[in-house]
Q: 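Below is a structure I'd like to ask you about.
Just so you know, ligand 1 is whichever comes first in the structure, and atom 1 is the first atom listed for that ligand. When reading the values below, keep in mind they use all heavy atoms of this one structure, side chains included, and skip hydrogens, waters and symmetry mates.
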Amino acid sequence: MDQFLVPSVSKPLDGEVEISGAKNAVLAVMAAALLADGVSEITNVPHLKDMKTMSDVLRIIGCRIGGGSHELRIDTRGADHLEAPYELVKTMRASFYVLGPLVARFGRCRVSLPGGCAWGPRPVDLHLKGLEALGAKVTVTHGYVEATCEGRLKGGTFHFPVSSVGATVNVLMAATLAEGESVLQNAALEPEIDNLVDYLIGMGANIQGRGTRTLVVQGVEKLNPGKGRTIPDRIEAGSFLCGAAITKGRVKVTNMDPVHIAAVLDVFRDMGCKVSTGSDWAEVDARGVELKPVSVTTLPFPGFPTDLQAPLMATLMAVPGISVIQDTIYNDRFTHIAELKRLGADIQLVGNTATIHGGKPLESANIMASDLRASAALVLAGLIAEGETTIDRIYHLDRGYEDFEAKMAALGATVKRVRPGMEG
Ligand code: EPZ
């Protein structure tokens with residue numbers, strides 16, 4: 001398995017990075033292609049492992065996947081095997097997004113439950129309850145969800161008790177082909193949902209309430225193949241901006257939307273960084289700044305995103321004083337703390353709240369990535385840990401950060417990928 005070698009930086013990061021398309025937006029739109037018979041196109045697609053995994057799921061269903069650099073062409077005319085197997089779904093939870101489109105379009109499907117992930121239970125009960133509200137008959141047997149409906153789904157009203165990106169994605173897609181009106185209340189507000197709404201409307205869906213917590217869908221009998229450009233990846237942008245704060249340098253991220261990370265930019269301001277933005281860029285300048293500790297709580301969009309909780313925690317290790325991070329989305333998304341402690345981090349975790357005693361010297365060690373966003377946090381910490389840090393299992397990072405080493409090099413950091421046993 002590949003490792004990263006991350007030497008401590010000899011000088012603060014200083015540079016510019018172009019942000020790739022948002023993985024989590026592409027995954028939803030790839031599933032949406034199943035709602036129509038024909039060739040759907042998606043552009044600004046990052047070259048990431050998750051795109052390959054979702055392509056494999058669609059191929060098993062019978063689709064043909066093609067496309068040039070950073071784009072996908074999904075031909076669903078061969079879709080006839082209405083199943084997503086455990087072997088694939090267990091490797092990537094978003095494979096579960098095929099459930100809504102398949103039952104809405106074909107009236108039946110069998111999709112493996114996602115199973116666990118690096119942190120806590122990640123239930124799908126709201127996905128299932130939402131589809132039942134549209135008339136689907138849902139049973140769970142032997143680790144698989146079987147969903148059927150007589151004829152078309154029927155429009156209905158569903159209130160999400162918690163804001164759920166995935167459940168909103170699945171139920172919204174199903175509602176576009178249901179008979180009659182569906183009302184989704186307390187729908188997620190993440191930009192990836194707007195991206196999906198735009199794509200679905202381009203396919204011929206009738207959706208009102210874009211950007212609000214109430215989506216009203218007038219179902220249609222048929223949708224046409226879609227075509228759309230993917231929004232930039234707000235989590236990638238925030239991760240690289242953390243590099244400016246942790247090394248007291250300056251990072252500019254381009255080809256992104258600063259509105260998507262407004263809460264994140266506010267935290268950098270609270271830390272004392274100089275933050276500037278334009279229509280499609282943002283810059284954090286921490287040069288010569290006395291960074292101040294902060295207290296942050298993760299929230300659904302537009303709040304501070306849970307996906308940047310780990311990268312921020314690493315950043316706060318460089319900030320003298322006591323900072324606090326509470327993750328209200330996932331109470332146990334803290335597997336990175338044990339690894340950061342191997343670098344000398346002073347972090348206490350009580351329940352879903354971590355207290356970081358920052359500003360203490362860190363030293364390199366061998367550490368291990370546990371999930372996608374934690375792996376970015378470990379690289380950030382390695383930039384300021386004295387010596388060269390070795391990070392195992394960086395296949396996690398390859399799921400969500402395109403051309404990572406090259407982008408870090410553009411900022412002045414040397415992150416080297418090695419394959420143990422292949423030296424020489
Ligand atoms: C999406 O996951 C993202 N994944 C995650 O990013 C992200 O961390 C998460 O949203 C929160 O923003 C993709 O978009 C592919 P949720 P998702 O449903 O949809 C509870 C990454 O690093 N819940 O919004 O699975 C759940 O337990 C990944 O790119 C239920 O109770 O998250 C959590 O507390 C990691 N029942 C809250 O809702 C359900 O049926 C939010 O989860 C579904 C969710």
Q: Looking at side-chain heavy atoms only, is the closest gap between Pro114 and His127 below 4.5 Å?
A: no

Q: Just to verify, what does Lys154 make a salt bridge (Lys or Arg N to Asp or Glu O under 4.0 Å) with, not counting sequence neighbours?
A: Glu179

Q: Do the side chains of Asp307 and Arg333 get close enough for a salt bridge, i.e. N-O under 4.0 angstrom?
A: yes

Q: Show which side-chain atoms of residues 143-152 pair as donor or acceptor with protein atoms under 3.5 Å away, not counting sequence neighbours.
A:
unit_1: Tyr144; atom_1: OH; unit_2: Tyr86; atom_2: N; d: 2.8
unit_1: Glu146; atom_1: OE2; unit_2: Arg110; atom_2: NE; d: 3.2
unit_1: Arg152; atom_1: NE; unit_2: Leu177; atom_2: O; d: 3.2
unit_1: Arg152; atom_1: NH2; unit_2: Leu177; atom_2: O; d: 3.3
unit_1: Arg152; atom_1: NH2; unit_2: Ala178; atom_2: O; d: 3.1
unit_1: Arg152; atom_1: NH2; unit_2: Val220; atom_2: O; d: 3.1

Q: Taking only Lys NZ, Arg NE, NH1 and NH2, and the carboxylate oxygens of Asp or Glu, determine whether Lys252 and Glu283 approach each other closer than 4.0 Å.
A: no

Q: Scan the side chains in residues 15-25 for donor-acceptor partners under 3.5 Å anywhere in the protein, sequence neighbours excluded, and list what turns up.
A:
unit_1: Ser20; atom_1: OG; unit_2: Glu402; atom_2: OE1; d: 2.5
unit_1: Ser20; atom_1: OG; unit_2: Lys407; atom_2: NZ; d: 2.8
unit_1: Lys23; atom_1: NZ; unit_2: Asp50; atom_2: OD2; d: 3.3

Q: For ligand 1, which of its N or O atoms have a protein N or O partner closer than 3.5 Å, and how long is each gap?
A:
unit_1: ligand 1; atom_1: 2 (O); unit_2: Arg122; atom_2: NH2; d: 3.2
unit_1: ligand 1; atom_1: 6 (O); unit_2: Asn24; atom_2: ND2; d: 3.4
unit_1: ligand 1; atom_1: 6 (O); unit_2: Asp307; atom_2: OD2; d: 3.0
unit_1: ligand 1; atom_1: 8 (O); unit_2: Asp307; atom_2: OD1; d: 2.5
unit_1: ligand 1; atom_1: 8 (O); unit_2: Arg333; atom_2: NH1; d: 3.3
unit_1: ligand 1; atom_1: 14 (O); unit_2: Asn24; atom_2: ND2; d: 3.4
unit_1: ligand 1; atom_1: 18 (O); unit_2: Ser164; atom_2: OG; d: 2.7
unit_1: ligand 1; atom_1: 19 (O); unit_2: Gly166; atom_2: N; d: 2.7
unit_1: ligand 1; atom_1: 22 (O); unit_2: Arg373; atom_2: NE; d: 2.9
unit_1: ligand 1; atom_1: 24 (O); unit_2: Val165; atom_2: N; d: 2.7
unit_1: ligand 1; atom_1: 25 (O); unit_2: Arg93; atom_2: NE; d: 2.7
unit_1: ligand 1; atom_1: 25 (O); unit_2: Arg93; atom_2: NH2; d: 3.3
unit_1: ligand 1; atom_1: 25 (O); unit_2: Arg122; atom_2: NH2; d: 3.1
unit_1: ligand 1; atom_1: 29 (O); unit_2: Lys23; atom_2: NZ; d: 3.2
unit_1: ligand 1; atom_1: 29 (O); unit_2: Asn24; atom_2: ND2; d: 3.0
unit_1: ligand 1; atom_1: 29 (O); unit_2: Arg373; atom_2: NH2; d: 3.0
unit_1: ligand 1; atom_1: 32 (O); unit_2: Tyr330; atom_2: OH; d: 3.0
unit_1: ligand 1; atom_1: 34 (O); unit_2: Ile329; atom_2: O; d: 2.6
unit_1: ligand 1; atom_1: 36 (N); unit_2: Asp125; atom_2: OD1; d: 2.7
unit_1: ligand 1; atom_1: 40 (O); unit_2: Pro123; atom_2: O; d: 3.3
unit_1: ligand 1; atom_1: 40 (O); unit_2: Asp125; atom_2: N; d: 3.1
unit_1: ligand 1; atom_1: 40 (O); unit_2: Asp125; atom_2: OD1; d: 3.2
unit_1: ligand 1; atom_1: 40 (O); unit_2: Leu126; atom_2: N; d: 2.8
unit_1: ligand 1; atom_1: 42 (O); unit_2: Tyr330; atom_2: OH; d: 3.4

